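Residue numbers start from 1 in every chain, and the chains themselves are labelled A, B, ... in the order their sequence lines are given, proteins ahead of strands. This is a predicted model, so every value here is computed, not measured.
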Protein chains: 2
Amino acid sequence: MSKQMREAAAAANAQAIARLRAAGLRPTRQRLELARHLFTGPDRHVTAENLHGEVVGAGIKVSLATVYNTLHQFTGAGLLRQVVVDAARGYFDTNTGDHQHFFLEDEGTLIDIPGDAIAVSGVPQPPSGLRIDRVDVVVRVTREN
Amino acid sequence: MSKQMREAAAAANAQAIARLRAAGLRPTRQRLELARHLFTGPDRHVTAENLHGEVVGAGIKVSLATVYNTLHQFTGAGLLRQVVVDAARGYFDTNTGDHQHFFLEDEGTLIDIPGDAIAVSGVPQPPSGLRIDRVDVVVRVTREN
DNA sequence: CTGTCATAATAGAATTATTCTAAACTGATT
DNA sequence: AATCAGTTTAGAATAATTCTATTATGACAG
Ligand SMILES: [Mn+2]
Ligand SMILES: [Mn+2]
Ligand SMILES: [Zn+2]
Ligand SMILES: [Zn+2]
């Protein structure tokens, strides 16, 4: 392991610790590893199962239950958002900003659509006593032909 | 049972039979009952479990497996559409036309938004090789305060 | 009508995603 | 170093949905 790699790893770690502390979450071993995997690099969309597989594949010992707990804690802390596109599977998104999604039905993958690219107009007044929490747009795409 | 009620029931039945035949589905006892419940009266949003409960409550003998099968067959035949709003529950919609939804997160209920009221603009070109299948908008609402 | 056959219905088992439980562990603080 | 609330974990439990193997039933030919 080169000096640069060691330094980059240390930086990613420090950043993950800071992020957890800021969210009021104790930076435990598994939370740290999950945070590093989720928040190092570009935004991503993960499934509990696939994040667990990835982290376990990287040699870290975490249970699937902890992955579920952690994803929900991160979501509660505003570090992640849930995306509902598939009745059979829950997705978590590291991009918590204003944006929407393409959903590739065949692949089961999500692609971001920037929030300033897309707009929804003509949403009626919600029934009285109710407030709009959010407006989700899912553009479902399939292979042509 | 009055003469009018008998006639209305017979009409609803004939209509259900016609609808199934048109869809190429054999009008069996349970398909007929389910079709009558689904398509008599205004459009509705149902869950397999709740439709099963309703039909069984009305004294009809149908299994939950058959309700699932039938909902999927109806969907395949274009008589229903599926709506994904809740990771834990699948909804089926008798309104197959162009429209969107309010989703009342607390109640777990859907309310239609007419397709000509709402518009989505600025959807980017999908990645090459992919075609847009449909654009779903879900307006999530919660109790105020 | 009746017999035949492809289709459909059914109970119950199985599967899958997710949550719960209760016990063992560990990060922070003293 | 001792303490303890917060955390992790395996495995059991739950809930929605699908599968399987068997039984029943529409459609229709004779
Ligand atoms: Mn499910
Ligand atoms: Mn869920
Ligand atoms: Zn996203
Ligand atoms: Zn609808």
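- Checked by atom type, the side-chain pair B:Asp93/B:His99 shows a donor-acceptor distance below 3.5 Å.
- One interatomic measurement links the two molecules: NZ of A:Lys61 to P of D:dT8, which rounds to 12 Å at whole-angstrom precision.
- In this structure, B:Arg81 fails the cation-pi test against B:Phe92, since its NZ or CZ atom is not both closer than 6.0 Å to the six-membered ring centre and inside 45 degrees of the ring normal.
- In terms of phosphate contacts, B:Gln30 brings a side-chain nitrogen or oxygen within less than 4.0 Å of OP1 or OP2 of C:dT10.
- At least one side-chain nitrogen or oxygen of B:Thr28 sits closer than 4.0 Å to the OP1 or OP2 atom of C:dA9.
- Across all their heavy atoms, A:Arg134 and A:Asp136 have their closest contact at NE-OD1, 2.9 Å.
- Checking the phosphate oxygens (OP1, OP2) of D:dA15, no side-chain nitrogen or oxygen of B:Arg89 falls inside 4.0 Å.
- Remark: the backbone N or O of A:Val46 is not paired with any side-chain donor or acceptor of A:Glu54 at under 3.5 angstrom.
- Protein atom CD of A:Gln73 is 12 Å distant from nucleotide atom P of C:dT19, rounded to whole Å.
- Here A:Tyr68 reaches the OP1 or OP2 of C:dT18: one of its side-chain N or O atoms lies under 4.0 Å away.
- A straight line from CZ of A:Arg31 to C1' of C:dC25 spans 14 Å, rounded to a whole angstrom.
- One finds no side-chain N or O of A:Arg29 lying less than 4.0 angstrom from the OP1 or OP2 phosphate oxygen of D:dT9.
- Between A:Thr66 and D:dT9 there is a side-chain N or O to OP1 or OP2 distance below 4.0 Å.
- One atom, CG of B:Leu64, and another, C1' of C:dT10, lie 11 Å apart when rounded to the nearest Å.
- The side chain of B:His72 places no N or O atom within less than 4.0 Å of a non-bridging phosphate oxygen (OP1 or OP2) of D:dT17.
- Remark: the B:Arg26 side chain and the C:dT7 base include a donor-acceptor N/O pair separated by less than 3.5 Å.
- Taking atom CG of residue B:Asn69 and atom C1' of nucleotide C:dT10, one finds them 10 Å apart after rounding to whole Å.
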